Amino acid sequence: MNQHNTTSHPKPESARELSAQYNPQAVEQDIFAQWIKATNGFHASAKSPAKNSFSVVIPPPNVTGALHLGHAINGTIQDILVRYHRMCGDATLWMPGLDHAGIATQAVVERTIFEKEKLNRHDLGRDELVRRIWEWKEKFGDRILEQLKRMGSSCDWPRTRFTLDDVCARAVREAFFKLFHDGLIFRGLRLVNWDTHLQTAVADDEIYYETIKGQMTSIRYPIADRRDGDPEFLVVATTRPETMLGDTAVAVHPEDPRYKHLIGREVEIPLAGRNIPIIGDGLLVDPAFGTGVVKVTPAHDPNDYATGQRHNLRQINLLTADGKVNDAGAGTFGGRRYDYTGLKFATEARRAILEDLEKLGLIAEAKPHEHEVGHSDRSKTPIEPYLSEQWFVKMSDVDGGITLANGHNVSGLAQAAIDAVENGGVKITPDRYSRGYVEWLSKKRDWCISRQLWWGHRIPVWTLCVSWNDLTIERIKSDESQLSGRLRESAGAIRTYLNQHGISDADFNIQDSVAKMQLVLCTRTPAADARLAELKTVLERSETSVPRIESVMQDPDVLDTWFSSALWPLSTMGWPASGTSDAPEDQILSRFYPTSVLSTAREILTLWVARMVMFGLYCHGDIPFRQVYIHAVIQDGQGRPMKKSLGNGVDPVDIIESHGADALRYTLASMATETQDIRLPVVKDKVSGKNTSPRFDAGRNFANKLWNASRFILSHLDISTAPSDSDIQSLVASPSADIADRWILSRLNSTITRATGCINQFRFAEVAAAFYQFVWNDLCDWYLEIAKPRINRKDTVVQQVLLYVLRATLALLHPVMPYVTEAIWGKLPDGSGTVKMLVVSPFPTAHAALDNPQAEKDIDLAQQITRAIRDLRNSHNVDLKRKLDVVIQTESADTAANILACRAIIEPLSNAGILTCDPKAIPPADSASALVPGVQIFVAGIVDKQAEAKKISVRQQELTRLIAAGKAKLANENFVSKAPHAVVEGLRQQLASQEAELQAVEISLIQYSAAT
RNA sequence: GGGUGGUUAGCUCAGUUGGUUAGAGCGCCGUGUUUACACCGCGGAUGUCGGGGGUUCGAGCCCCUCACCACCCACCA
């Protein structure tokens, strides 16, 4: 483990006194504080003079618990983008915040309270439970924000939002009101997924399936109006016999010859003793499955519900909110009374019903059957489909279309979001995810937005039940139009009342429900709510009250979490505008909306992303982001998702403490490929007991390498002024310029170009690879080693190149590794790093004048030759201190010249002296040889002739094979005529070079073989 | 059942429109402590690119098919 952990900061180091190991713990928190100070908390100003804007909203983490590596990879990606654009000079905003995560958080808190205090939410009451959840939110919210900061996230911290805070609430109210006003919100009875334990509806995505070993029971339903030739029974198979008391039909396939003549007739439900029709339905019934007869229970099964809609069937609900049979669960059959009221639905009632059927001899068959049963993710109990009154947002097309905030008319909300992706306004990367997005939206299923919870935005709808002394139910039935008129009158009275109390017409909307003798009132402001809350008593006191208000009640439910999340880009930026034109928040919206990129996880592409697009267009008339990047999913070493329940989660802060934030970020970035699934072996650290992964060593080592290379460079600099771009360009243009200088600057240049392109294309793994290659291989392994002789003799040119390259490298790597680069930046000898922090310094740009393909090619050859000589030394066990004599035979004079130009590189790095380098060079008598394409290298005096002969003969065979293959290819007319000219020409050249090499090899072979 | 992605070195993964002899990191083998770094240097070995078929002058890459893995969507009375 790291021996250098210290709690106190070491005293400031001078450039020459940097520690031999980079110690992240010593610098990170201090640097973060300095960034905050230098940037006013990374605060983005709408008034920035910058030409371009770049903005990102964070996918707000749930306050259910701490962040894991999935959040960390997304945070890293966003911070890379944001830091890069900030350095490019763009006005840059990264909006941070947290999500209240309705059901998830409430369930966690309820569970915790129950475990500790044995109290449920009803014991506590609404206000107290909500207060407890707020406490939880403060604790975990702070923890999450702290985790993000430790990672170095450069969010606009002063703007940190929470989906339940006032700013967000205002947007929620506005959006809801607008939807309500436009008739896009409605209340309806629907089958919802009901959690009988938490007594709430849960979303589809909050359900997981478990395979249950159940029983498939075939039950005989007597045919009620039996005629000659009819069977006595229809046999119906079911896994849920307890729902049979709610059957309102049995269905057969309309073309099934066994049954189609029975369509329109009736069966009697056993136990219930009720007659129900036999219907034909080709969608519900698969004639090949089971008996081909299906019982239809619209109130307790989604498919049956849909069937019920098609055939206009009754819906009989059998269930109470807490999962028991209600008073509809009884009947008389065969002269006997059966009553299951009060029994637990899927357990006790099922058992009792099966027993009774058994006694009646109506069970035709019972066999074990495995099937999937939906369970609530929150309570871990089975889900019941449950008929319940819920609020919905209309997603389907509507007559006359809907008008978006930009004035455009579209057929419906879902269609608006589909269009945005299909016409390219919102671009999804990787592109393949567009399809799932469009397909999901194309179903245009209405969005159930009400949740029977206490933690969330309360639904701003009030129901007013009204009555009149002279208007009885009987009279209403005979004269519905009179009630309608009376309701309108009452609405007018309430409106007048609200107006008189300072609530303008713009802040509420009244609709009447004749069927229920109700007025339904949607409010837009808390002030309107306050007036309504007092309305009942006021009207009771009033003698002039025409209608009698029986009850005034705000809907007890809260909104689906995704409703407020869907407004996140708008609400955090201050939508709706407050009306004052100079309010700073309004300017944020116009400056930074639409945002540039949304980086998120794929599983919420539909639930969240699609709905943001929809609301963005509907509420504000513009898409919320131009690009969506779907990042990779991190799994453990066995390919399982990281989950608390599996105990395989890794806390980013643990990695930061063991390896450093840059190591975390670099490693995650290097794994961010388009493959989408990243396996990260997780091990438990024996000392700390915390989960970690050896993979993060790569990032730690890389940060340390950069640290040490910088330490080396800084400790050898005598110059105190960094060369400018033009200084460096004229330096490489000079005829006497060093080839290694030209080379490293060319490498730097192409690395900048490559990295910039990759960042813009979200190819983060490639960015990391490019950095690694440049810093570790090019700079450390080669350039610094090559330059050492010049460094030691205090050459000022090499110092200029070193300082220039170091500065550019630090800036280049900063978006990925902000801490270590900033730490080194502060030590620059020209003092620039102490004047202006790297975080606000410009990102390096590539300069065409620095590109030098010839130098790259020459150095590449020099590297190969150096390696070959080192290999010979190694394989012949020659002491490092012994200088080798080398003869190089080349295939051309040009190659020889190029090699000699790199003599000052090859010789010291291989501790060798080149005696001759020439196409006609004659190999020394006793020499070991090595082969580099186009070049034969001979080292005198270390020969092992047998080994040589063997090695050379292997190469001879390889060359013979390659030449034969190449010749065959060139002999193929199709190849010569169809392949691109460059490819054919390349092969010709290669072949020529291989033939030359073969010739030389064969001569050597004769030599070595003859000698043995 | 529908869809998407994957299967390349012992492990984790790259491989950018099909084009010369397929790459990296880790691990492994050998070696070295020369004042940037042992969280290091130097050198090396390692692959029938999941199986089969096809298109093409040419396939890790394109098409078909099979097998296995993962995820998303829909779910069976």
Side-chain angles (χ1 to χ4, degrees), chain A residues 2 18 20-22 204 209 216 218 236-240 251 284-286 289-297 301-304 369 371-372 374 430 432-433 435-436 439-440 443 602-603 605-606 633 635 637 639-641 659 663 670-671 673-681 694-695 697-716 757-758 761 763 765-766 769 772-773 780-781 784-785 788 867 870-875 877 880-881 909-910 933 958-959 961-962 965-966 969 972-980 982-984 986-987 989-991 994:
Chain A
N2 201 323
L18 300 179
Q21 269 189 359
Y22 171 55
D204 291 343
Y209 288 86
M216 179 74 78
S218 299
V236 172
T238 181
T239 54
R240 302 214 53 188
L284 180 70
V285 183
D286 172 4
F289 189 95
T291 57
V293 186
V294 184
K295 64 194 269 310
V296 184
T297 324
D301 181 278
N303 284 319
D304 294 3
H369 180 72
H371 60 127
E372 302 281 293
R432 60 177 181 275
Y433 292 114
R435 189 169 160 178
E439 275 178 6
W440 186 82
K443 290 176 201 149
R602 64 166 169 256
E603 73 261 21
L605 182 62
T606 51
V633 173
Q635 307 169 330
R640 302 176 304 178
H659 291 73
S670 73
M671 298 190 303
T673 66
E674 283 202 3
T675 307
Q676 300 302 309
D677 289 336
I678 298 168
R679 285 194 184 196
L680 187 86
R695 296 296 216 81
D697 295 353
R700 182 197 55 194
N701 296 353
F702 184 53
N704 190 52
K705 189 74 179 176
L706 177 67
W707 174 263
N708 271 292
S710 306
R711 189 163 69 99
F712 174 69
I713 292 170
L714 292 175
S715 66
H716 286 87
C758 289
Q761 291 171 74
R763 303 170 68 99
E766 202 178 328
Y772 188 95
Q773 226 169 20
C780 294
D781 290 349
L784 291 183
E785 294 305 323
K788 269 178 186 171
R867 273 202 196 98
R870 285 168 170 174
D871 183 23
L872 285 175
R873 178 192 297 279
N874 204 306
S875 55
N877 293 315
L880 267 172
K881 294 189 177 80
L909 292 190
S910 56
E958 195 184 3
L959 281 168
R961 185 176 57 78
L962 290 170
K969 238 178 177 180
N972 183 334
E973 275 181 37
N974 274 321
F975 173 68
V976 178
S977 61
K978 290 182 183 172
V983 172
V984 177
L987 185 61
Q989 277 176 26
Q990 187 202 323
L991 192 60
Q994 284 168 347

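These numbers were taken from a predicted model, which means no experiment stands behind them. Numbered from 1 within each chain, the chains take letters A, B, ... in sequence-line order.
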* Apply side-chain hydrogen bond (donor to acceptor under 3.5 Å, both in side chains) to A:Q989 and list each qualifying residue two or more places apart in sequence or on a separate chain. =>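 Checked A:Q989 against side-chain hydrogen bond (donor to acceptor under 3.5 Å, both in side chains); zero matches.
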
* To do: State which residues pass side-chain hydrogen bond (donor to acceptor under 3.5 Å, both in side chains) with A:E439; sequence neighbours excluded, sorted by chain then number.
  =>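 Scan of A:E439 (side-chain hydrogen bond (donor to acceptor under 3.5 Å, both in side chains), adjacent residues dropped) gives A:R435.
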
Between [options], spot the one nearest the side chain of [X], thanks.
{"X": "A:T239", "options": "B:A77, B:A74, B:G15", "answer": "B:A77"}
{"X": "A:D301", "options": "B:C76, B:A77, B:C37", "answer": "B:C76"}
{"X": "A:A20", "options": "B:C37, B:A77, B:A36", "answer": "B:C37"}
{"X": "A:R602", "options": "B:A36, B:C42, B:C71", "answer": "B:C71"}
{"X": "A:K443", "options": "B:A36, B:G25, B:A74", "answer": "B:A74"}
{"X": "A:R870", "options": "B:C57, B:U4, B:C42", "answer": "B:C42"}

Side-chain-base donor-acceptor pair under 3.5 Å for [X] and [N]:
{"X": "A:K969", "N": "B:C57", "result": "no"}
{"X": "A:E785", "N": "B:A36", "result": "yes"}
{"X": "A:E603", "N": "B:C72", "result": "no"}

* Residue whose closest nucleotide on RNA chain B lies nearer the 5' end, A:K978 versus A:R679 ->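 Nearer the 5' end of the strand: A:R679.
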
* First encountered from the 5' end of RNA chain B, between A:K295 and A:R867 ->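 Checking each residue's closest nucleotide, the 5'-ward one belongs to A:R867.
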
Do any N or O atoms of the protein come closer than 3.5 Å to N or O atoms of nucleotides 28-30 of chain B, and which pairs are they?
| unit_1 | atom_1 | unit_2 | atom_2 | d |
| --- | --- | --- | --- | --- |
| B:G30 | N2 | A:N874 | ND2 | 3.0 |

* Using Watson-Crick or G-U wobble pairs with both distances under 3.5 Å, give me RNA chain B in dot-bracket, 5' to 3', with [ ] for crossers and | for pairs to another strand. => (((((((..((((.....[...)))).(((((.......))))).....(((((..]....))))))))))))....

* Check ring-ring contact (aromatic ring centres under 6.0 Å, His included) between A:F712 and all other residues, then give those that pass, not counting sequence neighbours. =>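 If we apply the ring-ring contact (aromatic ring centres under 6.0 Å, His included) test to A:F712, skipping adjacent residues, the hits are A:H716.
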
* **Spacing of the P atoms in B:U4 and B:G43 (rounded, Å)** =>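 Taking atom P in both B:G43 and B:U4, they lie 46 Å apart.
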
* Describe the nucleic acid contact of A:Y772 in one word from base, sugar-phosphate, nothing, applying a heavy-atom distance below 4.0 Å. =>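 Here A:Y772 touches the backbone only, sparing every base.
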
* **Integer-rounded Å distance: B:C37 C1' and A:R711 CZ** =>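 The distance from CZ of A:R711 to C1' of B:C37 comes to 7 Å, rounded to the nearest Å.
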
* Side-chain N or O of A:N701 less than 4.0 angstrom from OP1 or OP2 on B:C40? ->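 Affirmative; the distance criterion is met.
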
* Can you name the residues that form a salt bridge (Lys or Arg N to Asp or Glu O under 4.0 Å) with A:D781, not counting sequence neighbours? ->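 In terms of salt bridge (Lys or Arg N to Asp or Glu O under 4.0 Å), with neighbours along the sequence ignored, A:D781 is linked to no residue.
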
